[in-house]
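The structure appears below as structure tokens.
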Amino acid sequence: MAIGKLLESDPRRLGPYRLTGVLGRGGMGEVFLGRDRRGRPVAVKRMRPSLMHAREARRRFAREVTAARTVDSPLVAKVLDAAPEADQPWLATEYVPGIALSEAVETYGPLPEEYVRAVGRQLTDALAAIHRAGLVHRDFKPSNVLLSAAGPRVLDFGLARHLHASTFTTSQEFLGTPAFAAPEQWDAANITPAADVFSLASTLVFALRKRAPFEAEDMWRVMYAIRFEEPDLSGLPVHWADLAGDCLAKEPRHRPSLREVAAALDDFPSAAEAVVLPDGLAALLPAPAGPRPRGLSRRRVLRAGAGVALGAGVAGLASGDRRPGPEVWSYGTLGVVHQILLADTTLYAVDDRGCVYALDARTGELYWFRRVTHGGARPWLGMLPGADPGLYVTGDRLHALYSTTGEERWSVGITAVGTPAVSPRAVCCVARDTDGRNQDELALVDPYTGEQITLNRAGPAQGLVGERGSFTAPAVADDGTIVLGRRGGTVHGIELVKRGIDLADARAEKILRLPGHARFSPAAPLVTQGIAYFGTATKGGLVAVDVRSMQDIWARRLGLDGETWSTPALGDRRDRHGLVYATGSASVHAVDRSTGEPAWNYYPGSPTPGSPVVANDVLYVLTRRGELIAMDAREGGPPLARRAYAPFGGGPVPAPVAAHGLVHFATADRVLRAVPQARARAT
């Protein structure tokens with residue numbers, strides 16, 4: 001971003017900040033480069049002098065200050081100081097050198113697809129943080145995205161409003177920037193987070209081809225096109241056109257959530273070659289803008305699925321090595337890994353020695369390694385994408401780690417079993433008692449402070465205590481509802497409302513007792529779009545429950561009495577087959593999501609205790625014998641590919657994950673591996 005000279009009419013100081021240059025001027029404000037008392041650079045925004053006596057403009061500036069202070073995200077410029085009530089209202093934020101996305105595209109042309117994917121993935125996290133703060137940005141556009149070597153930053157909260165705030169406008173007032181605004185913004189009413197999803201898609205389309213999906217000669221023709229015409233998505237790769245088309249739906253309820261957008265971007269095919277930015281832009285942005293933990297060189301070239309891992313081992317660990325042939329990379333671990341999670345380009349793993357690893361999912365390079373307190377309880381991971389601390393580890397204690405560095409933010413003395421479920425309101429886990437009562441209970445902890453949350457003893461959920469092994473692992477629905485099963489066929493759905501730091505009410509605990517389902521499998525249910533899919537050990541099958549109305553939808557017997565089931569899985573975003581997939585003790589099944597009607601089943605001849613994963617119409621499952629099996633997700637049938645490794649012992653078998661054209665999995669010989677994804681059968 002070019003720094004201009006101060007005009008004679010510009011101030012030389014705002015508050016405690018000495019101004020040295022001009023970063024930009026807009027219709028509502030001016031942004032200056034300033035220095036604090038220690039000489040550190042800051043960005044200082046003031047209201048335009050011509051608007052200082054306009055009451056509505058001052059109210060809007062004050063709202064911007066409040067909104068910017070509310071959002072807690074490294075992808076949003078941090079507020080340092082502000083004086084919205086001063087004679088010259090001003091706002092000081094951290095200064096991040098960079099270039100606006102609009103300027104980058106106008107100057108250097110369309111940006112490489114993989115670079116836009118990485119930027120877009122971080123922008124979903126930024127918008128998610130804004131929405132968690134109860135805000136809608138309402139003016140998300142290329143000029144409000146700053147590209148920097150440290151990743152993108154979202155700017156300008158001048159139009160941001162609280163989700164539940166009343167909107168008062170005149171009939172001529174428009175909220176947003178025409179070419180990037182959602183249809184409902186032209187009515188200036190009922191604006192929800194879905195409006196930001198629409199604007200995000202428009203912005204990414206612009207970055208990819210230097211044209212917005214809706215363009216016309218004037219604002220009113222743009223308005224007409226946005227409200228009544230289909231978007232122009234010509235020239236985009238198919239997967240980008242599919243995602244953008246969904247995000248640009250006219251009706252807000254038909255657009256995907258940010259979580260679904262992030263998952264789609266995670267699953268986009270990776271570039272086969274290094275991404276090369278135009279020379280002038282590469283000089284400004286020496287590092288691609290994908291989310292990348294500390295420890296990577298700022299000048300490292302973004303690679304996806306090809307190249308050489310540089311290896312960043314720690315004492316006692318084998319460094320990542322890029323093997324020729326069918327394996328893309330492998331990485332030796334201290335213990336046997338029993339869980340893998342994937343967040344954008346970072347792979348997280350935990351082993352039976354209590355070691356947590358963060359690696360580049362594309363190359364196997366180690367970002368960081370940490371050993372947590374580990375005794376009798378096996379550690380498991382949970383994630384809150386786009387937030388800090390972001391990574392949670394159960395075991396003899398519950399730990400919160402910064403996902404980018406592995407540093408510990410807090411830990412509490414809760415001995416948890418199974419995987420935790422994490423929402424912006426609480427970290428939820430099933431905890432073992434420590435006083436010899438041989439009981440389990442649902443434990444809730446504030447994800448940011450580590451304060452234990454006590455359910456209101458007068459509330460309906462205060463009695464979530466049972467005999468050891470009574471509960472499934474919990475899951476969190478898209479609306480934040482905690483969902484878990486209990487012995488006796490009881491399904492609990494708990495919606496939390498925080499009452500202070502350490503107290504919460506279960507605003508609406510819903511309970512369903514399923515006839516004939518006395519015991520659930522211990523794995524967490526799959527919860528998506530308000531439907532929970534549980535494995536049942538008593539009748540060896542699956543049951544689907546609508547957690548909003550607490551009504552059972554269908555139950556399907558698939559295996560034998562006593563057979564345990566992993567957490568079911570869905571296809572990726574491009575899946576059009578409407579199936580849900582599950583593994584029993586020694587079988588793999590696909591059933592119709594709506595009816596439970598079996599589509600196909602497969603018996604691999606070896607126990608299959610881990611969950612499957614589906615990508616690009618191919619299902620992958622890891623067996624206890626140590627085989628990674630790939631099958632056509634649409635029709636099952638004989639395997640497309642098999643890879644044999646060392647067999648697992650009696651511990652858990654980790655579920656594989658798939659993204660960036662790779663399948664990531666762990667083997668019993670203490671190695672994390674990545675191999676190319678298989679191709680589904682031609683139809």
Side-chain angles (χ1 to χ4, degrees), residues 28-29 43 45 60-80 82 91 93-94 96 98 100-101 119-148 150-165 167 175-177 180-182 184-185 188 190-204 247 252 255-263 265 289 291 343-344 383-390 403-404 422-425 447-448 478-480 498:
M28 300 295 293
K45 180 177 181 177
R60 175 177 161 178
F61 192 89
R63 284 200 306 266
E64 178 178 3
V65 171
T66 301
R69 280 174 164 163
T70 302
V71 180
D72 181 16
S73 169
L75 302 172
V76 174
K78 182 180 179 181
V79 175
L80 305 175
L91 165 67
T93 66
E94 63 174 332
V96 181
L101 176 59
V119 169
R121 182 59 182 82
Q122 279 201 300
L123 292 176
T124 63
D125 289 344
L127 286 172
I130 292 168
H131 296 168
R132 280 197 303 273
L135 300 167
V136 182
H137 191 285
R138 304 200 307 177
D139 196 20
F140 191 89
K141 57 186 178 180
S143 60
N144 281 340
V145 174
L146 180 72
L147 303 179
S148 78
R153 295 292 190 275
V154 176
L155 309 176
D156 197 348
F157 286 83
L159 290 182
R161 292 294 297 272
H162 195 278
L163 283 169
H164 305 297
T167 303
L175 300 176
T177 299
F180 300 94
E184 61 269 25
Q185 289 182 255
N190 299 319
I191 299 174
T192 69
D196 287 343
V197 172
F198 187 101
S199 300
L200 171 64
S202 297
T203 296
L204 296 181
C247 294
R255 297 171 203 150
S257 66
L258 282 173
R259 182 181 296 183
E260 291 170 324
V261 175
L265 291 171
D344 190 37
M383 286 206 68
L384 184 59
D388 274 326
S403 57
T404 54
V422 189
S423 78
R425 294 192 182 101
Y448 306 104
D478 292 338
D479 63 359
K498 291 289 293 293

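Note that this is a predicted model, so its numbers are computed, not measured. All residue numbers refer to positions in the sequence shown, counting from 1.
Of the residues Leu200, Leu258, Val261, Leu265, the one that meets the side chain to side chain contact (heavy atoms under 4.5 Å, CB included) test with Leu123 is Leu200. Partner of Pro152 under the side chain to side chain contact (heavy atoms under 4.5 Å, CB included) criterion, chosen from Asp125, Leu146, Val145, Val96: Val145.
A donor-acceptor distance shorter than 3.5 angstrom exists from the side chain of Glu260 to the backbone of Ser257, with no hydrogens or angles considered. Checking side-chain atoms of Asp196 against main-chain N and O of Arg138 turns up a donor-acceptor pair under 3.5 Å.
Note that OG of Ser73 is 12.5 Å distant from NZ of Lys78, once rounded to the nearest 0.5 Å. Interatomic distance, SG of Cys247 versus CG of Leu204, reported as 8.5 Å (0.5 Å rounding). Expressed to the nearest 0.5 Å, how far CZ of Phe198 lies from CZ of Phe180 amounts to 10.5 Å. Rounding to the nearest 0.5 angstrom, the gap separating the CG atom in Leu135 from the CG atom in Leu127 is 11.5 Å. Distance CD1/Ile130 to CG/Leu75: 9.5 Å, rounded to 0.5 Å.
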Check your understanding: Can Asn144 and His137 be said to form a side-chain contact (heavy atoms from CB on, under 4.5 Å), step by step?
Key -> CA-CA 10 Å; Asn144 281 340; His137 191 285; 4.0 Å; yes
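Under the rule for a side chain to side chain contact (heavy atoms under 4.5 Å, CB included), the partners of Ala82 that lie at least two apart in sequence or sit in another chain are Val65, Arg69, Pro84, Leu91. Remark: Ala195 pairs with Ala182, Glu184, Gln185, Ile191 by the side chain to side chain contact (heavy atoms under 4.5 Å, CB included) rule, at least two apart or across chains. Annotation: side-chain hydrogen bond (donor to acceptor under 3.5 Å, both in side chains) contacts of Arg153 (sequence neighbours excluded): none. Residues passing the side-chain hydrogen bond (donor to acceptor under 3.5 Å, both in side chains) test with Arg259 are Asp478, sequence neighbours excluded. Every residue meeting the side-chain hydrogen bond (donor to acceptor under 3.5 Å, both in side chains) condition with Thr124, not counting sequence neighbours, appears here in chain and number order: Arg121. Scored by the side chain to side chain contact (heavy atoms under 4.5 Å, CB included) test, Ser143 finds Ser102, Lys141 as partners (sequence neighbours excluded).
In this structure, Ser423 and Pro447 approach most closely via the heavy-atom pair O-CG, 3.7 Å. Annotation for Gly480 and Arg425: closest pair CA-NH1, 4.1 Å, computed over non-hydrogen atoms. Heavy atoms only, all atoms of each residue included: Val136 and Pro193 are closest at CG2-N, 3.8 Å. The two residues Arg132 and Tyr448 come nearest to each other via the heavy atoms NE-OH, 3.8 Å. Across Thr203 and Pro142, no two heavy atoms sit closer than the pair OG1-CD, 3.7 Å.
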